[in-house]
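First the structure, in the form of structure tokens, and then the observations on it.
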Amino acid sequence: MKFFLDTANLQQIKEAQELGVLDGVTTNPSLMAKEGVKGEDEIRNHYKQICEIVDGDVSAEVLSMTYDEMVKEGEELAALHPQITVKLPCTKDGIRAVKYFADKGVKTNCTLVFSVGQALLAAKAGAKYVSPFVGRLDDICSDGVALIEQIVNVYNYYGFETQVLAASIRHTQHIIQCMEAGADVSTCPLNAILGLLKHPLTDQGLEAFMKDAEKMKSEK
Ligand code: G3P
């Protein structure tokens, strides 16, 4: 399973890249706004900086709502860097735009997906990634991980190549659950990835090893 970082924070992206386990980055307008990125030039420059830090795909979301505008904006975003993946909402215009870009060989990420029907349309249109929002479904007392499993089963049954990118991951356990459900990618906050490292037996074991290491050093 690939790990993407779900942030536009350059420092966090650098930290995850240095860890050596980062496969890509996803952003959205809320994450970009959180970093104080404003105006067309700053936005584009920020995407370029992200692409220079990571080796994998970087999702850049369109800010427009209509097909014609999405195509224009998506083409401009895709031209910024070969790692850019055009992120499009799962609406009627968005699905049309996914198909347009698929026919041109441009990578897309179909976002704001909350049902298996939406995921089916994204795959049929040729999206490289589909982004079901796990946490936001859990927020409304629905089962986000169950949706991941359902989409994975349908895609496997029909042989769709679209990768299931579990989004809206809120904590470490979500990553484990999405992995068990067969997600191809989890896009996560950095803390959720770092949470995978935590185990009290690792800490206790290391402390004991270090004490014994000290003894060995002093016995030299
Ligand atoms: O990029 C989409 C996404 O992961 C949103 O997460 O936490 O705002 O529901 P969240």
Side-chain angles (χ1 to χ4, degrees), residues 1-7 23-31 56-67 70-71 73-74 77-78 84-171 173-189 192:
M1 185 173 78
K2 289 185 217 158
F3 278 147
F4 285 8
L5 211 60
D6 196 25
T7 186
D23 300 299
V25 167
T26 52
T27 62
N28 62 38
S30 306
L31 293 171
D57 286 348
V58 174
S59 288
E61 189 158 344
V62 297
L63 306 179
S64 36
M65 300 280 285
T66 65
Y67 170 77
M70 285 178 188
V71 164
E73 199 186 338
L77 288 170
I84 291 286
T85 300
V86 181
K87 199 173 181 190
L88 297 149
C90 193
T91 58
K92 196 173 168 190
D93 291 82
I95 289 293
R96 268 186 77 194
V98 167
K99 173 70 178 148
Y100 170 89
F101 285 116
D103 288 346
K104 295 207 147 205
V106 174
K107 297 172 284 188
T108 56
N109 175 357
C110 189
T111 189
L112 288 166
V113 166
F114 295 93
S115 74
V116 73
Q118 289 178 316
L120 176 65
L121 286 174
K124 282 189 73 72
K128 177 168 181 184
Y129 301 103
V130 66
S131 287
F133 279 30
V134 174
R136 290 193 196 184
L137 280 169
D138 289 359
D139 286 345
I140 58 157
C141 221
S142 193
D143 189 342
V145 174
L147 176 63
I148 298 291
E149 204 174 342
Q150 207 183 358
I151 297 171
V152 167
N153 288 339
V154 169
Y155 281 9
N156 286 345
Y157 184 83
Y158 287 105
F160 286 121
E161 284 175 11
T162 300
Q163 296 180 39
V164 180
L165 190 163
S168 186
I169 296 287
R170 301 280 173 75
H171 49 73
Q173 186 60 9
H174 265 159
I175 302 179
I176 303 295
Q177 291 169 325
C178 289
M179 179 179 72
E180 286 171 349
D184 299 286
V185 188
S186 269
T187 188
C188 327

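This is a predicted model, so every value here is computed, not measured.
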- Decide side-chain contact (heavy atoms from CB on, under 4.5 Å) for Thr111 and Asn28; before the verdict, give the C-alpha distance in whole Å, the side-chain angles of both, and the deciding distance to 0.1 Å. CA-CA 9 Å; Thr111 189; Asn28 62 38; over 6 Å; no

- Message: Run Arg96 and Met70 through side-chain contact (heavy atoms from CB on, under 4.5 Å) and show every step you take.
- Response: CA-CA 10 Å; Arg96 268 186 77 194; Met70 285 178 188; over 6 Å; no

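His171 and His174 have parallel rings, their planes meeting at less than 30° on a 0 to 90° scale where 60° marks the start of perpendicular.
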Side-chain donor/acceptor pairs under 3.5 Å, residues 179-187, sequence neighbours excluded:
from, atom 1, to, atom 2, distance (Å)
Asp184, OD2, Val164, N, 2.7
Thr187, OG1, Asp6, N, 3.4
Thr187, OG1, Thr26, OG1, 2.5

Distance-only donor-acceptor pairs under 3.5 Å for side chains of residues 119-132, two or more places apart:
from, atom 1, to, atom 2, distance (Å)
Lys128, NZ, Asp57, OD2, 2.8
Tyr129, OH, Asp57, OD2, 2.7
Ser131, OG, Asn109, OD1, 2.7
Ser131, OG, Asn109, ND2, 3.4

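In the displayed structure, Met1 atom CE is contacted under 6.0 Å by more than 12 heavy atoms of other residues, nucleotides or ligands.
Rounding to the nearest 0.5 Å places CZ of Phe101 at 8.0 Å from CG of Leu77. Here Glu149 contributes atom CD and Cys178 contributes atom SG; the two are 10.5 Å apart, rounded to the nearest 0.5 Å. The distance from atom NZ of Lys99 to atom CG of Leu88, rounded to the nearest 0.5 Å, is 14.0 Å. Taken to the nearest 0.5 Å, the CG atom of Leu147 stands 8.0 Å off from the OG atom of Ser142. Ser59 contributes atom OG, which lies 9.0 Å from atom NZ of Lys107 (distance to the nearest 0.5 angstrom).
With a 4.5 Å cut-off on side-chain heavy atoms, Phe4 and Leu165 count as touching. Within the 4.5 Å cutoff, side-chain heavy atoms of Val145 are placed close to those of Asp143. Looking at heavy atoms from C-beta onward, Cys90 lies in side-chain contact with Ile95 at the 4.5 angstrom threshold.
Of the residues Val116, Thr162, Asn156, the one that meets the side chain to side chain contact (heavy atoms under 4.5 Å, CB included) test with Ile151 is Val116.
The shortest non-hydrogen separation linking Val134 to Ala166 is CG2-CB, 4.3 Å. The two residues Phe3 and Cys188 come nearest to each other via the heavy atoms CD2-SG, 4.5 Å. Nearest heavy atoms, Leu31 versus Thr27: CD1-CA, 4.1 Å. Of all the heavy atoms in Arg136 and Leu112, the pair that sits closest is NH1-CD2, 4.4 Å.
No donor-acceptor pair closer than 3.5 Å links the side chain of Thr85 to the backbone N or O of Thr108. Judged by distance alone, with hydrogens and angles left aside, the side-chain atoms of Glu61 form no donor-acceptor pair with the main-chain N or O of Val86 at under 3.5 Å. Of the possible donor and acceptor atoms, one in the side chain of Asp138 sits under 3.5 Å from a partner among the backbone N and O of Gly144.
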